[in-house]
Amino acid sequence: METMGVDPFVFRLSIFVLAVFVGYYVVWSVTPALHTPLMAVTNAISSVIIVGALIAAGPAAWSLAKALGLLAVFLAAINIFGGFLVTQRMLDMFRRK
Amino acid sequence: MTADFAALAYLGASILFIMALRGLSSPRMARRGNIYGIAGMAIAVATTLAEPGVLGYDMILVALVAGGGIGTFAARRIQMAAMPQLVAAFHSLVGLAAVLVAIAAFYAPDAYGIGAPGAIKVASRIEMAIGAAIGAITFSGSIVAFAKLQELVTGAPLVFPGQHWLNLLLGLALVALGVDFAATQDTSAYLVMIALAFVLGVLLIVPIGGADMPVVVSMLNSYSGWAAAGIGFTLENTALIVTGALVGSSGAILSYIMCRAMNRSFVSVILGGFGVATATAVKAGERPVKAGSAEDAAFILKAAKTVIIIPGYGMAVAQAQHAVREMAKALAASGARVRYAIHPVAGRMPGHMNVLLAEANVPYEEVAELEDINNDFAQTDVAFVIGANDITNPAAKTDPKSPIYGMPILDVERARTVLFVKRSLAPGYAGIDNDLFYRPNTMMLFGDAKKVVEGILQAL
């Protein structure tokens, strides 16, 4: 039966394609007035790449990969804090009368 | 923590990210959406930190605090008019982080469970090559976009003969090196491919002019998403795959909306050079225009029952949004109905004008999008154009030879009177004359946008 199993890559590809569709419908529902906050927040959440950076930075012993990982953690952290905070700042300005 | 539990936590983070975007469907829900996004990020980071291979907490903490501090500082200090630059700078960081993670995965594949050094799974090699290449293009392209928006370099398109062939050649070389790397795991093929991708990122953005920046910023937004998704496949992490897909499609949709608002194809924007060839066709100054003073404008505005304000990039440059808001308040106090009309490509990024007006405390109910307000111009006493030009040019409707023919415009010429705040009669970005300047119902108010509006305010 092992030969019948689906390659895990195909599972991930399925998730990816479905997420593209989710993104498509969710983003079309965003009001044009909030397109700038949309870009700021998508920027913040794409910094979830920090999970890859943390794994590279994880080992206790120094290596090239750890140094690269730490630098990536630093860059992604700028984005995460900056992206979410600036989004919050913008959204706080959108007020009713 | 078991791998299954971690996978479920990443799924939870993905759902929170989707809800963060969903919240932006209305300003009322959006703040809560942002909280969901922050929660999702906290879950993703905490889950990774709890993984057995992650031990060196001290240095990680230093990197997190240093990065977090810089990000917090930037987010608090940035002016709303400079938001496009900030977003471009942030895109570049995502791109560079993607490149660094892809290189780290190459040197320490065992940490990611994708093989041993020199024996990485073929699928992972393909994925890390794609992720690194898109990340590198995102990084250098965003740096160029940042420099143009910050006016460190000229915003004019930089075109040279053979440009597109050079880009095509570089693109093909990228693919060839990527294939070579996937087949042989050759270190130099991988690193040279990444270096070429950095060069290609620069070359892709230099020919694109300032006013096409809304498309460029959206496009780089999209690229940063695809780069994250590519890395997500390498790391076999669903949170990254889902987020990358969300961000990638979001940027792609915004690019499409911007292109549609200019009636240009995505390809024509990417190939660049717009506004160069046509700049010589302008014959400004040969026809008579009616210029007015701030007092004249105040007199007309005082008599108006309905006013629509049309802001453009010039309002952002002059930081005139607060003065405009004060003027609108004064007019509203004397009984006029004042609204704002936003063209999708007004400004340097999608939604730029909305943020500026929000900064000046304009309630969002008074701000309308093109399709919602365009029919109202015919019943409007005064259309007040400030810092905009091409998006009001009637040639887009009447002159098939115009470079902007077919672009949806705001029908300001239908208003009883058009007040047009502008520095001079110089053409807009498209390099074409605006017939609106010479119409009998148009009054030009020459000068700096902020000073003109302040003058009107005084005269009111």
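Note on naming: letters A, B, ... go to the chains in the order of the sequence lines (proteins, then strands), and numbering restarts at 1 for each one.
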Given heavy-atom pairs under 4.5 angstrom as the criterion, report whether the side chain, backbone, both or neither of [X] touches chain B.
X     : answer
A:L70 : both
A:A44 : backbone
A:L13 : both
A:L64 : side chain
A:I80 : side chain
A:S29 : both
A:V30 : both
A:D92 : both

Does any backbone or side-chain atom of [X] lie under 4.5 Å from a heavy atom of chain A? Answer side chain, backbone, both or neither.
X      : value
B:L16  : neither
B:Y10  : side chain
B:I231 : side chain
B:E359 : both
B:V355 : both
B:E127 : side chain
B:L86  : side chain
B:A123 : neither
B:R77  : backbone
B:V65  : neither
B:I38  : both
B:M41  : side chain

Just to verify, which of A:T31, A:L91, A:V27 counts as forming a side chain to side chain contact (heavy atoms under 4.5 Å, CB included) with B:L24?
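The side chain to side chain contact (heavy atoms under 4.5 Å, CB included) with B:L24 is passed solely by A:L91 among A:T31, A:L91, A:V27.
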
For A:T42, run the side chain to side chain contact (heavy atoms under 4.5 Å, CB included) check against B:S250, B:S249, B:S222 and tell me which one passes.
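Single pass found, and it is B:S250.
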
Any donor and acceptor pair, going by atom type alone, linking the side chain of A:R89 with main-chain N or O of B:I78 inside 3.5 Å?
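Confirmed, A:R89 side chain pairs with B:I78 backbone.
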
Under 3.5 Å, side chain of B:N34 to main-chain N/O of A:F84, donor-acceptor pair present?
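Yes; judged by distance alone, with no hydrogens or angles, the pair exists.
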
Mind telling me whether B:W226 and A:F16 have parallel, tilted or perpendicular rings, with 30° and 60° as the class edges?
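A:F16 and B:W226: perpendicular rings.
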
Parallel, tilted or perpendicular, judged at 30° and 60°: which one describes the rings of B:Y364 and A:F94?
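Aromatic pair B:Y364/A:F94 classed tilted.
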
Pick whichever of [options] has the most heavy-atom pairs under 4.5 Å with chain B.
options                    : result
A:S63, A:P37, A:G52, A:A56 : A:G52
A:V26, A:I49, A:L85        : A:I49
A:G58, A:A40, A:A57, A:A61 : A:G58

Assess, by modelled atom type and distance only, whether the side chains of B:S224 and A:N43 contain a donor and an acceptor separated by less than 3.5 Å.
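No - no donor-acceptor pair under 3.5 Å links their side chains.
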
Answer with yes or no whether the side chains of B:T238 and A:R12 bring together a donor and an acceptor at under 3.5 Å.
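On atom types as modelled, these side chains do not qualify, holding no pair under 3.5 Å.
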
Minimum heavy-atom separation for B:A44 to A:V48, with atom names?
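Shortest heavy-atom contact: CB-CG2, 3.8 Å.
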
If every non-hydrogen atom of B:Y107 is compared with every non-hydrogen atom of A:A65, which pair is closest and at what distance?
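Looking at all heavy atoms of both residues, the closest pair is CB-CB, 4.5 Å.
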
Pick from [options] with the largest number of heavy-atom pairs that fall under 4.5 Å of chain A:
options                     : result
B:L49, B:L21, B:V45, B:L235 : B:L21
B:I253, B:N237, B:N221      : B:I253
B:G53, B:A74, B:A228        : B:G53
B:I342, B:L100, B:L64       : B:L100

If you measure from [atom1] on [X] to [atom2] on [Y], what distance do you get to the nearest 0.5 Å?
X      : Y     : atom1 : atom2 : result
B:Y223 : A:S46 : OH    : OG    : 15.5 Å
B:F73  : A:I78 : CZ    : CD1   : 12.5 Å
A:L34  : B:S26 : CG    : OG    : 7.5 Å
B:N361 : A:R95 : CG    : CZ    : 10.0 Å
B:T48  : A:L54 : OG1   : CG    : 5.5 Å
A:L75  : B:L96 : CG    : CG    : 5.0 Å

Going by side-chain contact (heavy atoms from CB on, under 4.5 Å), name the residues that satisfy it together with B:S142, two or more places apart in sequence or in a different chain.
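Result, side-chain contact (heavy atoms from CB on, under 4.5 Å) vs B:S142: B:H91, B:S92, B:T138, B:L220.
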
Can you tell me if OH on B:Y57 sees more than 12 non-hydrogen neighbours from other groups inside 6.0 Å?
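Yes, the 6.0 Å shell around OH holds more than 12 heavy atoms from other groups.
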
